[in-house]
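In each ligand, atom 1 is the first atom listed, and ligand 1 is the first ligand listed.
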Amino acid sequence: MTEATGIVGEFLSLKEETEADLLAMQCGDFYEFFAEDAEIVADELELKVSQKSSHGSSYPMAGVPVDDLTPYLKALVERGYRVAVADQYETDSGHAREIVRVVTPGTLLETSDADAQYLAAIVADSSARGDDPAYGLAFADVTTGRFLVAEAEDADETLTELYRFDPVEVLPGPEVRADDDLLGLVRERLEVTLTLHETEAFAPKRASHAVREQFGERVDRLGVGEPAVAAAGAVLDYVEETGAGVLASMTRIQAHRGDDHVTLDATTQRNLELTETMQGEREGSLFATIDHTATSAGGRLLKEWLQRPRRSLEVLERRQESVAALSTAALARDEIQETLGEAYDLARLASKASHGSADARDLVAVRETLAVLPAVADAVAANPDLADSPLAEILERPDRDAARDLRAELEDAIAEEPPSTVTQGELFRYGYDAELDEVIERHEEVREWLEGLADREKRQHGLSHVTVDRNKTDGYYIQVGKSAADGVPDHYEQIKTLKNSKRFTTAELEEKEREMLRLEERRGDLEYELFEELREDVAARAELLQDVGRALATLDVLASLATHAAENRWVNPALHGGDRLEIEQGRHPVVEQTTEFVPNDVRLDEDRGFLVVTGPNMSGKSTYMRQVAAIVLLAQIGSFVPAKEAEIGLVDGIFTRVGALDELAQGRSTFMVEMSELSNILHTATEESLVILDEVGRGTATYDGISIAWAATEYLHNEVRAKTLFATHYHELTGLAEKLPRVANVHVAADERDGDVTFLRTVRDGPTDRSYGIHVADLAGVPDPVVDRSRDVLERLREEKAIEAKGGTSSEPVQTVFDVSSGQFRGPANADGGERPAGGDDPEPSLDPETERVLEDLESVDVNETSPVELLSTVREWQRRLEE
Ligand code: ADP
Ligand code: MG
């Protein structure tokens, strides 16, 4: 390409300056994208591309009108692009352009999504030793001003925290950039834009300075290490550099402490379908099912609670008290929810005010939402049960006096229904500002004078067909119809002749016109000035608005939990710090919405900490285990739970793992991933954790699978001692109940009569005797002959009998033996040796002596007395002998 000059050259050199993916450059009334950018934008947004010739070369060009930029920016940023915006400004020698803002997924203010929108930074400290956290993280939501820091010991924990906050943009620190494993996982697991922000911003000194500047002394009390502070500093630097202009709304820094929260690793959050289903749908997630919030801030907070369940008995019991009170006070709850429906998103409004993009209607929204606080507080106070609950205190948390003052200020200032654009006038109430009132009064007088002018002229000068109007070229004029135009008085000065009329002006009219223009300008300026002042006032109270917003959102979430509990007959679980987990007639919170659900009990305690769950395919094992996890999780956000009665020992983490085979169906996982996640669970889970293993080990060959499942069970039981539910199709595992004191068997019952299975969906103590896979094949419509034949084959396999392969090409039946030790079918021994067994009902194939010995060995092994590892090596040995 030849060196571009002119406007395209300017575009390309501005593009060099920025790290952004795209550049929108103002050219008069349009923002233009050139060259490659034009093609990308046109593709993404279905814009038309034209050709711009510049000094002999031609470049693609796509543009959007200046006033329409925002929706296009939003659309591009939501697709993951970072877009730089260059504005045009006047200079002495014409005009120049400059990049004023880079809009990125993590700094987009104009989001239409109610979800939190986190920008994150990760800093690794490779010199960290021992218990020192090796990773520091910071999370900022520019749309609400939330700012948190967190620490993680290793890459897994880092991923867990990232998954919990689900950021849209991540700034990896210098060391993290070299960590391909971590970055690979971040890319794979999160829908996120990775941005390489300048490394100096991560430098500890500079970062710590920036953090102090922003948050003051509070930083010292956070108790986080250098990596977290560096991450926070980098985030602040980036927000500033992109020109988002919302630093003022970031009033507070908080430390997110893993210890206060239930650990939910990334896989668990996905498996439990907290905020979206495995298929990525919102509908059908736990969140969508229990969400009855009336405000978007409430919905956001409920999601946050689900992603960050708590461990403190005190915190949870306080939430429970409020939910309990609200669940019985149906009328008051309805009233509160209706009032909350009038609330707007205060945290978002505070950010808009800080950014300078809030308009008069936004300030009205602030005013109306501030009025919601005393209204719901009154409703709470009026109901004795609610008044006694912690709700009253929650609503007292924000500075109520300051909130009332701000509301009064806004009420005195802003008109009842102001226009949306700031420059349209009529923003303020009379009496708010004396000068403005005077200008408005005078303005009105002149306007009235002008309005009455036509009539006055008619009367005074006996004219007919007189109108007074204004346009751009003539200004104000008196228009007189042709018939009367000759009779106008002398002081009329003609300015234009039209077909049927003439236009005049007078000295007086010209003077009024000048005054009118002066007043209009003054009024506009004054209103704008006053508005900016007011908006700054509101921005200065960002922290107050965030507090009020938080209190209302909390009330909203608690009322939502109460509503769901009342509508679905959930109960308040008794929480305690012990080992006991007892759920009577529990249900799955999501499945119960769409199915006639069969409730089930679960009982775990000190002497019974590990349940092996067996049962036919499709009987309900997975549902049962997920239901237990969901109930514990709901209990640890302070919610009621779907059960008749529940006693729940608080857990410090919930870990789930679904066998690779089940996950493979969704194209997500490999056996390697299954094992690394199992490894993570074995490393991270503690005695206080809840572990759910669903068909783990299934992703590999049978003997491998059993051995791993067996060994993992022993380890979880003996070493980790976590509360565990393990659904398995390996019947061998049910034998563990006899060997390990805290292991018990339960099974999902099915009724088998005349070869037909009815799923009862009832969980009972004890193991099942076998798998019902063939029955499922039957249910699925596999042809009868195949089903019958497979029953036959199964029968023979059980008895270790030879099977005749049907339909072989040879006229004589081909005999095949299933070799239990190798898990393979073999042809008959000496296939060509003529020593063919006589056809009979139960042919006994003759075997070579070594095989016979192996079979004898096999028979003599006591599976229950052999460790999995021994078993495995014995099997290998047999295989070797057989091969020889
Ligand atoms: P498994 O893991 O044993 O193969 P699932 O848990 O996947 O079985 O359940 C199979 C089907 O049975 C699912 O469609 C589920 O909705 C339904 N189901 C499971 N448990 C129950 C129950 N307790 N009541 C009603 N339906 C259930
Ligand atoms: Mg299952």
Side-chain angles (χ1 to χ4, degrees), residues 267-268 270-273 277-279 281 283-286 288-289 568-570 583-603 611-631 634 641-646 655-666 668-669 674 677-678 691-699 705 709 724-731 733-734 745-752 756-781:
T267 309
T268 302
R270 207 180 65 222
N271 279 342
L272 293 182
E273 307 192 307
T277 63
M278 297 283 234
Q279 290 74 37
E281 313 265 335
E283 207 56 42
S285 67
L286 185 58
T289 304
N568 296 277
R569 287 181 295 125
W570 286 14
I583 301 168
E584 199 184 315
Q585 301 202 12
R587 282 118 50 203
H588 189 292
V590 177
V591 181
E592 75 162 337
Q593 295 290 322
T594 50
T595 316
E596 195 62 46
F597 200 85
V598 180
N600 273 307
D601 300 345
V602 64
R603 184 171 62 80
L611 298 185
V612 175
V613 185
T614 46
N617 270 329
M618 291 298 289
S619 61
K621 298 182 295 297
S622 300
T623 309
Y624 177 66
M625 296 197 305
R626 275 162 210 251
Q627 151 191 332
V628 173
I631 286 175
L634 284 166
V641 299
K644 187 159 165 260
E645 217 180 305
F655 298 87
T656 72
R657 176 61 231 186
V658 179
L661 202 70
D662 289 18
E663 282 236 310
L664 264 181
Q666 300 163 40
R668 310 191 72 128
S669 190
E674 174 180 341
E677 288 180 1
L678 176 64
V691 175
I692 304 285
L693 299 175
D694 196 347
E695 307 281 14
V696 165
R698 204 168 172 175
T724 306
L725 279 78
F726 190 166
T728 181
H729 68 298
Y730 295 132
H731 285 233
L733 290 194
T734 57
N745 285 308
V746 298
H747 68 279
V748 191
D751 209 16
E752 188 174 17
D756 261 343
V757 182
T758 318
F759 292 132
L760 302 177
R761 313 254 181 250
T762 307
V763 176
R764 294 185 183 145
D765 278 346
T768 37
D769 47 356
R770 57 183 143 141
S771 146
Y772 291 72
I774 295 173
H775 175 68
V776 175
D778 192 9
L779 283 184

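Of all the atoms in ligand 1, the ones that sit under 4.0 Å from a non-hydrogen atom of P616 are 3 (O). Interface of F597 with ligand 1, defined as ligand atoms under 4.0 Å from a residue heavy atom, comprises 21 (C), 22 (C), 23 (N), 24 (N), 25 (C). Residue E596 has at least one heavy-atom neighbour below 4.0 Å for each of these atoms of ligand 1: 25 (C).
The two residues R587 and A643 come nearest to each other via the heavy atoms NH1-N, 3.5 Å.
Checking only distances, G620 does come within under 3.5 Å of ligand 1, N or O to N or O. Between T595 and ligand 1, a contact under 3.5 Å exists for no N or O pair. Taking distance alone, with nitrogen or oxygen atoms compared against 3.5 Å, Y624 stays at or beyond that limit from ligand 1. Considering backbone and side-chain atoms alike, M618 places an N or O below 3.5 Å from some N or O of ligand 1.
Counting protein heavy atoms only, atom 21 (C) of ligand 1 is closest to R761 CD, 3.2 Å. Protein heavy atom nearest atom 16 (O) of ligand 1, with residue, atom name and distance: V591 CG1, 3.7 Å. Atom 2 (O) of ligand 1 has its closest protein heavy atom at S622 OG, 2.7 Å. Shortest contact from atom 15 (C) of ligand 1 to any protein heavy atom: T623 OG1, 3.8 Å.
Side-chain atoms of R761 come within 3.5 Å of backbone N or O of S619 as a donor-acceptor pair. Side-chain atoms of H747 do not come within 3.5 Å of backbone N or O of A749 as any donor-acceptor pair. Distance alone, capped at 3.5 Å, is enough to place a donor-acceptor pair between the K621 side chain and the P616 backbone.
Between the side chains of N745 and T734, no donor-acceptor pair of N or O atoms lies under 3.5 Å. Residues E677 and T267 bring a donor and an acceptor atom of their side chains to less than 3.5 Å of each other.
From Y624, atom OH reaches atom CG of L611 across 6.0 Å, with rounding to the nearest 0.5 Å.
In this structure, E645 places its CD atom where only 12 or fewer heavy-atom neighbours from other residues, nucleotides or ligands lie under 6.0 Å away.
No heavy atom of G615 sits closer than 4.0 Å to any atom of ligand 1.
For a distance bound of 2.8 Å, the N, O or S atoms of T623 include none lying that close to the Mg ion (ligand 2).
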Can V696 and F726 be said to form a side-chain contact (heavy atoms from CB on, under 4.5 Å), step by step? CA-CA 8 Å; V696 165; F726 190 166; 4.3 Å; yes
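For atom 23 (N) of ligand 1, a protein heavy-atom neighbour is found at a distance under 4.0 Å.
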